[in-house]
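Position 1 is the first residue of the sequence, and the numbers go up from there. Ligands are counted one by one from 1 in listed order, and the atoms in each one are counted from 1 as well.
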Amino acid sequence: MQVDVVGSVNVDLVLRVDDLPAPGETVMAVDFARMPGGKGANQAAAAARMEAATRLLAAVGDDEAGVWMREQLAQAGVDVSAVAPRPGLPTGAAHIAVDARGENQIIVLPGANHALGPVTPLEDALVVLAQNEVPVESIASAFAETAALRLLNAAPAEPTALAIFGLVDVLIVNEHELARYAAVAGITGADEAALAHGLLMRGQGAPRLAVVVTLGARGCLAVWRDRQVAVPAFPVVPLDTIGAGDCFCGALAALLAGGSDLASALPMANAAAALCTQARGAVPAMPARAAVEAFMTTSGQ
Ligand code: RIB
């Protein structure tokens, strides 16, 4: 059950604040931590912790942060043999503020992530998962050269990614990203299901199978051309939402690589994301499969 993740590696510089600053406002932090992150790294760690053999295809700087990130990911169980240093460039960095309710604001400095270049998935990869913090050309090269199931978490919203939706089997977006892509594509609709269905009806530019919309505390929604299913979230009080969406994507990739069908995999991916919000940071918060299974049992689902 091999998963190849194509994506970003960032050092997360996390400032904990009581309230997120408004534009022009200065606030005092109560805590600071340096943590491993980046959407690609987070999703790879999540898939590995869900017991999929997981390789990350990524670029880091030729700096101390790049060495540290490779070590952190290897400790999480990720194969880092395709995480390559780029001479003269810094490792990506994300400046993150998290408030007392667990909500966050993130600014990413891409560094080496934008020098990833073309990548080739393993021949035995069953799932290839990518996100938008690396160049769209890198994602296109991976998706064009694989027979695996291709998952794109099109986050952050990047209008140029619309050009590769036709190479995607399952598109994963949150409600804000969905609204942005729909607006750029000229799709209108009364709700998330209608907008997702609109993306699926774009002919050659449409994802092949389905669109999954993550809805935070409302759970998630999967839309196919001929049906849809809504899956409720597990009720938790979040401590820290950094990486929760990444956890959902990585867990989903692991479950699909393990033979689950999309609809059956969604409750467990939701459970993994809920557990991820109970610990601080992104990579360190990705839950082990046994913990996710126990959480589902105690939650009665
Ligand atoms: O999705 C959360 C991630 O977004 C953080 O780890 C940060 O690095 C940014 O990529």
Requested in this report: Determine, stepwise, if the pair Glu175 / Arg218 fulfils salt bridge (Lys or Arg N to Asp or Glu O under 4.0 Å).
Outcome: CA-CA 11 Å; Glu175 67 261 56; Arg218 287 190 289 142; 3.8 Å; yes

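A donor-acceptor contact shorter than 3.5 Å is absent between the side chain of Arg16 and the backbone of Ala97.
The two residues Ala52 and Ala254 come nearest to each other via the heavy atoms CB-CB, 3.7 Å.
The shortest N or O to N or O distance between Glu133 and ligand 1 is under 3.5 Å.
Remark: ligand 1 atoms within the under-4.0 Å shell around heavy atoms of Asn42 are 2 (C), 3 (C), 5 (C), 6 (O). Which parts of ligand 1 touch Ala94 is read off a 4.0 Å heavy-atom cut-off, strictly below it: atoms 7 (C), 8 (O).
Ring-plane geometry between Phe165 and Tyr181 is classed as perpendicular, the angle between the planes exceeding 60 degrees on a 0 to 90 degree scale with a lower cut at 30.
No single ILVMFWY cluster, assembled from side-chain heavy atoms under 4.5 Å apart, contains both Met69 and Leu57.
Residue contact check for ligand 1: Gly38 places a non-hydrogen atom closer than 4.0 Å to it.
Nearest non-hydrogen protein atom to atom 4 (O) of ligand 1 is Lys39 NZ, 3.3 Å.
Within the set Val14, Asp246, Val283, the minimum heavy-atom distance to atom 2 (C) of ligand 1 is found for Asp246. Of all the listed residues (Asp12, Asn132, Val9), Asp12 holds the heavy atom that lies closest to atom 8 (O) of ligand 1.
Around atom CD of Glu123, no more than 12 heavy atoms belonging to other residues, nucleotides or ligands sit under 6.0 Å away.
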